[in-house]
Amino acid sequence: MRAVTSAVPPLEIQGLRFGYGRAETVRGVSLTLLPGDCYGFLGHNGAGKTTVMRLALGLLRPHAGSVRILGHDALRSPRLARAGVGALIERPGFHLHATAHRNLAWLARLQGQPRRLAAADASRTLELLGLGAAAGRPVGGFSMGMRQRLGIAAALLGRPRLLLLDEPGNGLDPEGIADLRRLLRRLADDGTTILLSSHQLLEIDGLCNRIGVLREGAMVVEGDLESLRAGLSTRHVVAGHPLRALEQRLRDLGLAPAAVGNRLTVELGDRAPGAVARELVAVGELEAFAPEPPTLEAIYLRATNGEPWQVPARADTKAPAAEPALPQPTWTTAQRPLLRAFGHELRTTFGRRSTWPLLCVPVAVAAWSVLAYDRRTTESARRVASGQVFSADAGSAFVATAHALQAAVPVLAVVALWLASQTIAAELSHDILRNTLLRSVRRADVLLGKFAAILVALGAGFVATVGGTAALAAALLGFHDLEEVSRHGDRQVLAAATDVVPVLLRSVMHCVPPLAAAAAIGLAASALARRPARAVLLALLLVLAPEILRDALHDHAGWLLTSHLPTGLRDDSAIGYLEAAARGAADAFWRWRGTALVAPLAWMVLPFGVAAATLRRLRVP
Ligand code: ATP
C-alpha cells in the first residue's frame with residue numbers, strides 16, 4: 001500500500017533572475033508544480049526554458065530568486081533537493097566507449113543504489129525506453145535518437161518523484177515520440193511530477209495538464225490548460241453550400257469569418273449559436289456548425305502576442321492536501337555524497353580506455369631502464385675481464401632502481417597531469433559533467449572524488465612501477481653492496497646496502513607529494529581551461545613555466561615543483577640523492593631536502609583551492 005505524505009509542491013520557483021552577460025536572460029520567472037502535474041514549459045527558441053531548468057537544478061547560480069525542490073531549498077541544500085529529481089537537459093552526455101548499461105549503472109550507483117539494484121535499475125530503464133537490445137553496445141555507436149532515449153532512461157533512474165525534461169522529443173522518430181508520450185502519461189498517472197520543456201506544441205498537447213509560456217525570459221502566462229482554453233473564445237466551424245452565401249450572411253451579422261479550405265471559422269462573440277445557425281439555414285444548406293475549442297497553438301500564440309492575459313483560477317485545481325507518494329526506494333540517495341562521488345570517479349577513471357595503458361607507460365620505462373643498466377654493467381664486467389679497463393662497478397639493484405625512478409617518475413608526473421587535466425575539461429566537452437552534477441552530490445564532493453580517484457590511479461601506477469622495478473632489479477642484479485671490481489679481481493665496497501636502504505625508502509616516499517601536486521595542478525588546469533587540449537597544455541605550463549625563475553630564486557628554488565622531481569635536465573630531487581648515494585658518491589647531497597615536503601604540499605593545496613573555487617562558480621552548459 002502506498003504511504004500518504006503531505007503535499008509539498010515538488011517544484012516552486014520564485015522570482016528567478018539570471019543573465020549570461022549584461023542582458024537578462026531570465027527575468028523574474030515564477031512557477032509552481034503541484035504533485036502529479038505534467039507541466040508543459042513552452043516558449044520560442046532562446047526564450048530561456050533551458051536556462052530556467054539549469055538554474056532550478058543548480059547547474060547555474062541565479063542572480064536573484066529562490067528554488068524549492070521537494071521541500072528543500074535547492075540553492076542552499078542542492079544535494080538534498082536533487083535526491084528525488086531526475087533530469088535531462090539538452091544533449092545527454094555519456095562515456096562513449098562504455099556500454100549503455102554500464103553508463104546507466106554507474107549513474108545509478110552515483111545516486112546511492114547498491115551494485116545489484118543499480119544494474120537492475122539500469123536494465124529496467126533501458127527496457128522502458130526500448131533500448132533493451134542495445135544495452136550491451138558502446139554508446140559511441142548510438143544514433144542521436146538512441147542517445148536521446150538513453151538520456152531519458154538516465155533521468156528515470158531511481159524512480160524520481162520530480163522529472164525535468166528539456167525537449168525530450170529531440171531526435172526521436174514519430175514512434176519514439178508516441179512511446180515517450182505514453183511513458184510520461186503513465187509516470188504522471190503514477191504520481192511523478194513532470195516539467196517538460198518544448199517548442200513542439202504537439203508534444204505537449206494532450207499530455208500536460210498545465211502550461212507556462214516564456215517569452216524573452218519572462219513568464220507571460222501560466223495556468224491550467226482547461227482554464228486557459230476557457231479564457232479564449234471558442235471558434236465555430238461552418239460548412240455548407242453555397243459557402244459564399246453563408247460567408248456573406250455571417251458578415252451581414254457583423255461577424256468576421258475566415259475561410260479555411262472549404263470551410264469557414266468564425267468567432268461568435270456574445271451571439272447565441274442557435275440564432276446564428278438559424279440565419280445560416282435561411283441562406284443555404286448548412287452541413288456543419290460546431291464549436292472548435294481553442295487549440296494549444298491558439299493559446300500559445302495568444303500568450304506570445306504580447307497582450308496581457310488574466311487567467312481565471314480553476315476551482316478544481318488539484319488540492320494540495322495529500323498526495324499518493326511513490327514507493328520509496330530502499331536506498332537513500334542523499335547519504336554519503338563524498339563516498340558516492342569517489343566511487344563513481346574511481347569506476348569511470350578505471351573504466352576509461354586510456355587509463356590502464358597510460359599507467360603502464362612508467363612501468364615499461366622503468367623496466368627498460370633496469371634492463372639497460374643491467375646490459376651496461378654486464379658490458380663493463382666484460383671489458384674489465386678483457387683488460388680494456390682497469391676497474392668498473394659491478395652494479396646493484398639500488399643504482400638500477402634509482403635510474404629507473406629517474407626515468408619513470410617524470411613520466412608518471414606527466415600521466416598525472418594528463419589524467420587530471422582531462423577530468424573536468426573532457427567531461428564538460430562531452431556533457432558528462434552535467435550528468436554527474438545533476439545527481440545528489442555537491443560540487444566539492446565531485447572534485448574531491450576526482451582528486452582521490454586520480455590519486456588511487458597514480459598510486460596503482462606508482463606501486464606497479466616501484467614494485468616492478470624492485471623485482472626486476474633484484475632478479476637481475478640483487479640488492480647488495482655496490483662493489484668496484486678491478487682487473488685483478490679485487491673488490492671494494494663503494495656503497496653499503498645497509499646505508500642505501502633507508503635512502504631508498506625515504507626517496508620513494510618523497511616521490512608521492514610531487515606526484516599528488518601534479519594531479520592537483522592538472523585538476524586546476526582542467527577547471528580553468530574547460531577544453532581538454534588547452535587543459536593539458538596549461539597543466540604543463542603551470543609546472544614548467546616557473547623554471548624560468550630558478551636563477552632569480554637562488555636558495556629559494558626549492559619552492560619550485562621541478563626541484564622535487566627528476567626532469568631529465570637536472571635532478572635535485574630525492575631520487576637524484578638516492579642515485580648518488582647508491583653509486584657511493586662522496587658528494588651525495590639532497591639539495592632541497594628542507595622543502596621536500598612543504599613545497600609539493602603547497603603546490604597541491606593551492607591548485608586544488610583554485611580548482612574548487614573555479615568549479616564552484618562554473619556554469620555547466
Ligand atoms: P531552445 O528552445 O532553442 O532550446 P531555450 O528557450 O531553451 O531555447 P535557452 O537555451 O535557455 O533558451 O537560451 C536563452 C538565451 O540565453 C538565448 O538567448 C541564448 O542565446 C542565451 N544563452 C544560452 N546559453 C548561453 C551561454 N552559455 N552563454 C551565453 N548565452 C547563452
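One is the number of the first residue; the rest follow in order along the sequence. Each ligand, and each atom within it, is numbered from 1 in the order the structure gives.
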L129 and L183: CA distance, side-chain angles, deciding distance, side chain to side chain contact (heavy atoms under 4.5 Å, CB included) verdict:
CA-CA 9 Å; L129 270 296; L183 175 65; 3.8 Å; yes

Measure from the side-chain N and O atoms of R17 to the backbone N and O of V29, and report whether any donor-acceptor pair falls under 3.5 Å.
no

Collect the protein residues that have a non-hydrogen atom under 4.0 Å from ligand 1 and hand them over in chain and number order.
Y20, T25, H44, N45, G46, A47, G48, K49, T50, T51, E167, H199

Anything under 30° is parallel, anything over 60° is perpendicular, the rest tilted; go ahead and classify H95 against W106.
perpendicular

Evaluate whether atom CZ of R619 has more than 12 neighbouring non-hydrogen atoms of other residues, nucleotides or ligands under 6.0 angstrom away.
yes

Under 4.0 Å between a side-chain nitrogen and a carboxylate oxygen: does that hold for D224 and R210?
no

Heavy-atom side-chain contact between L55 and V67 under 4.5 Å:
no

